[in-house]
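One structure below.
Atoms within a ligand are numbered from 1 in the order they appear, just like the ligands themselves. All of these numbers come straight from a predicted model, not from anything done at the bench. Numbering starts at 1 and runs along the sequence shown.
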Amino acid sequence: MSITLKASYFSAYTPETSSFHENSLIEVNDCGYITKIVHQATPEYNAHLTAAQQHDQLIILAPGHFLLPGFIDLHNHAPQWPQAGIALDRPLADWLNHYTFPLEARYKNLDFATLVYHDLITEMLANGTTTALYFGTIHNAANLRLAEICAQAGQRAFIGSVAMDNPQQTPDYYRDASAEIAVTKTQIFIQTIQDNYPSGLIQPVITPRFIPSCTTATLQRLGQLAKELQITVQTHCSESDWEHDYVRERFGHTDAEMLQSFGLLNQHAVLAHATQLTTEDQTIIKTEQSTIAHCPLSNAYFGNSVLPTRSLMDQGIQVGLGSDIAGGYTPSLYANLQQAVTVSQIRQDGIDDRLPAIERGVPNSRISVKRAFYLATVGGAAGLDIQAGAIEPGLLADFQVVKAPPHLMSLTPDEQLEQLLFRHTKQQIKAVYVQGKLVHEKEHNWYE
Ligand code: GUN
Ligand code: FE
């Protein structure tokens with residue numbers, strides 16, 4: 001049955017502008033697409049309201065509640081959820097070898113995978129994340145279980161079976177036994193997901209973990225696969241000085257140059273972190289129309305730098321937002337968009353008080369709250385090429401219903417949006433819709 005929501009909503013429009021409409025009628029069809037939005041001031045408003053009362057399920061948001069687009073997490077390691085918040089004071093290579101790889105190896109056990117993935121997906125939806133791009137593990141059975149759990153919970157998910165076969169950079173107990181196995185396993189996973197989820201709610205992703213953990217043969221063959229299949233590719237790119245230097249030593253080129261040469265960069269590629277890009281790397285990523293997943297919490301621990309988000313976007317490079325569970329300690333994209341704004345300010349002002357102010361930071365680095373909102377919604381949708389990320393006719397009805405903090409003084413719509421995003425707690429997310437279907441509800445008093 002089609003539904004109509006009567007709601008006040010915010011939606012990012014450009015990086016610096018968002019739209020706000022009060023008490024609009026948002027009509028959603030049986031397939032979960034927004035077919036029409038009727039604004040309060042229009043002559044046909046009352047006729048649509050009456051029709052919705054008679055024919056549709058009409059849902060009227062209670063006062064003080066707003067509709068936002070669901071958030072899109074462009075980088076999340078689902079298996080690392082149990083490790084969230086642990087050992088973030090260790091450098092990346094240490095953290096991977098001593099914490100992450102031993103944990104990911106445990107997903108051979110399907111019971112463990114089921115327990116963790118259930119808990120994570122419930123938590124993601126409760127945080128307003130309606131679509132996520134996930135790294136799984138090397139185990140296809142556990143990756144398929146993650147797909148089942150996302151499908152049952154109703155979250156849109158892009159999932160990758162992780163390829164990692166380089167004996168020099170991966171432990172014996174957690175590695176694909178050969179390039180042949182890494183690639184065949186990827187092909188089988190892609191085919192199974194495409195066969196089992198023809199609706200596209202769950203989609204497969206080509207996932208070389210990062211250059212250090214893959215042999216050249218695997219990178220080349222996954223690049224060929226990316227060219228053939230034209231599906232999403234995800235990997236880590238120039239994350240940390242260690243990783244960036246490792247690739248330059250092994251190949252004499254940067255991550256971006258090598259990923260391009262393997263055929264792994266195209267408009268379907270999502271590159272996590274990218275905190276050490278050269279100017280040439282930026283040009284490559286722009287030319288290939290790939291997307292950067294900005295993971296501002298994780299980057300503070302492992303990135304060794306602050307992403308120049310503003311300058312990348314000004315050059316026309318696509319950027320979205322990622323939680324990087326568990327390099328970032330929370331799946332909340334609210335926390336990540338807050339951090340994106342905060343670190344951009346630090347990048348602009350600089351940190352070394354021994355330098356004069358003029359030399360301390362990087363001018364024009366600051367991003368606005370609106371731009372961070374754009375990253376969490378429109379930016380993510382563009383990276384995954386999905387019809388989502390905004391509240392507009394023709395797009396998927398992926399929403400979160402958020403209760404505003406009590407108003408102690410009157411605010412402009414822009415101020416209201418800033419407060420919704422910055423004075424946020426998970427308790428304020430009352431309901432979440434994916435493709436017109438209610439997938440999370442905190443309590444029943446969010447509608448009239
Ligand atoms: N590089 C390779 N694997 C990982 C990972 O799991 N997390 C992060 N942050 N970086 C990586
Ligand atoms: Fe990561």
Side-chain angles (χ1 to χ4, degrees), residues 73-107 116 120 132-139 142-143 146 158-166 168-171 174-176 182 205 207-215 218-219 222 232-247 250 255-256 258-259 264 269-276 291-305 307 320-331 333 336 339 383:
D73 187 345
L74 274 193
H75 186 58
N76 183 312
H77 297 262
Q80 294 175 20
W81 177 226
Q83 180 196 351
I86 295 176
L88 293 175
D89 54 350
R90 305 281 286 264
L92 178 60
D94 241 39
W95 181 80
L96 289 172
N97 285 309
H98 293 108
Y99 294 87
T100 308
F101 293 157
L103 170 59
E104 289 192 15
R106 294 185 57 187
Y107 289 75
V116 174
L120 173 66
L133 172 55
Y134 290 113
F135 273 61
T137 60
I138 67 170
H139 318 97
N143 298 330
L146 174 59
F158 288 69
I159 300 173
S161 178
V162 174
M164 45 189 286
D165 67 326
N166 180 8
Q168 260 85 55
Q169 289 290 328
T170 55
Y174 187 54
R175 175 193 305 147
D176 293 312
V205 183
T207 307
R209 182 173 202 118
F210 64 159
I211 291 177
S213 55
C214 294
T215 59
T218 290
L219 293 162
L222 292 180
T232 305
V233 176
Q234 64 181 342
T235 191
H236 299 85
C237 177
S238 291
E239 176 196 18
S240 82
D241 294 318
W242 160 74
E243 194 276 342
H244 187 64
D245 291 344
Y246 167 90
V247 174
R250 177 165 148 198
D255 279 53
M258 291 316 298
L259 292 170
L264 287 162
V270 178
L271 307 173
H273 309 291
T275 38
Q276 272 76 32
T291 298
I292 293 173
H294 180 24
C295 307
L297 275 171
S298 172
N299 291 346
Y301 307 112
F302 299 137
N304 300 141
S305 171
L307 189 79
L321 206 58
S323 67
D324 193 29
I325 284 293
Y329 53 80
T330 169
L333 283 194
N336 276 285
Q339 174 86 349

Revision key, fill the gap. If you scan protein heavy atoms around atom 3 (N) of ligand 1, the nearest is Arg209 NE, 2.8 Å
Revision key, fill the gap. Atom 10 (N) of ligand 1: closest protein heavy atom, distance to 0.1 Å, is Glu239 OE1, 2.6 Å
Review point. Is there any N or O on Thr100 that sits under 3.5 Å from an N or O of ligand 1?
Key: no
Practice item. Examine Asp324 against ligand 1 and note whether any of their N/O atoms are separated by less than 3.5 Å. Key: yes
Check your understanding: Looking at Tyr134, Phe158, Trp81, which one forms a side-chain contact (heavy atoms from CB on, under 4.5 Å) with Asn76?
Key -> Tyr134
Review point. Any N/O/S atom, backbone or side chain, of His273 lying under 2.8 Å from the Fe ion (ligand 2)?
Key: no
Practice item. Over 60° means perpendicular and under 30° means parallel, so classify the ring planes of His236 and Phe135, tilted if in between. Key: tilted
Exercise for review: Would you check, one step at a time, whether the test ring-ring contact (aromatic ring centres under 6.0 Å, His included) holds for His75 with His273?
Suggested key: CA-CA 9 Å; His75 186 58; His273 309 291; 5.2 Å; yes
So if I count the atoms of ligand 1 from 1 in the order they appear, which ones are less than 4.0 Å from some heavy atom of [X]?
X      : answer
His273 : 9 (N)
Leu96  : 2 (C), 3 (N), 4 (C), 5 (C), 6 (O)
Phe210 : 1 (N), 2 (C)
Leu92  : 8 (C), 10 (N)

Practice item. Taking the Fe ion (ligand 2) as the reference point, name the nearest N/O/S atom of Asp324. Key: OD1
Review point. So which bit of Trp95 gets within less than 4.0 Å of ligand 1, heavy atoms only: side chain, backbone, both or neither?
Key: side chain
Review point. Side chain, backbone, both or neither: which part of Glu243 has a heavy atom under 4.0 Å from ligand 1?
Key: neither
Practice item. Using the side-chain contact (heavy atoms from CB on, under 4.5 Å) rule, take Thr330 and Leu297 through it: C-alpha gap first, then chi angles, then the decisive distance, then the call. Key: CA-CA 9 Å; Thr330 169; Leu297 275 171; 3.6 Å; yes
Point to revise | Pairing residues for Asn166 by the side chain to side chain contact (heavy atoms under 4.5 Å, CB included) criterion, not counting sequence neighbours | key: Gln168, Gln169, Thr215, Tyr246, Arg250
Check your understanding: How many degrees, to 10°, between His75 NE2 and His236 NE2 as seen from the Fe ion (ligand 2)?
Key -> 90°
**Study point:** Heavy-atom check, side chain of Val205 versus side chain of Leu133, under 4.5 Å
**Key:** yes
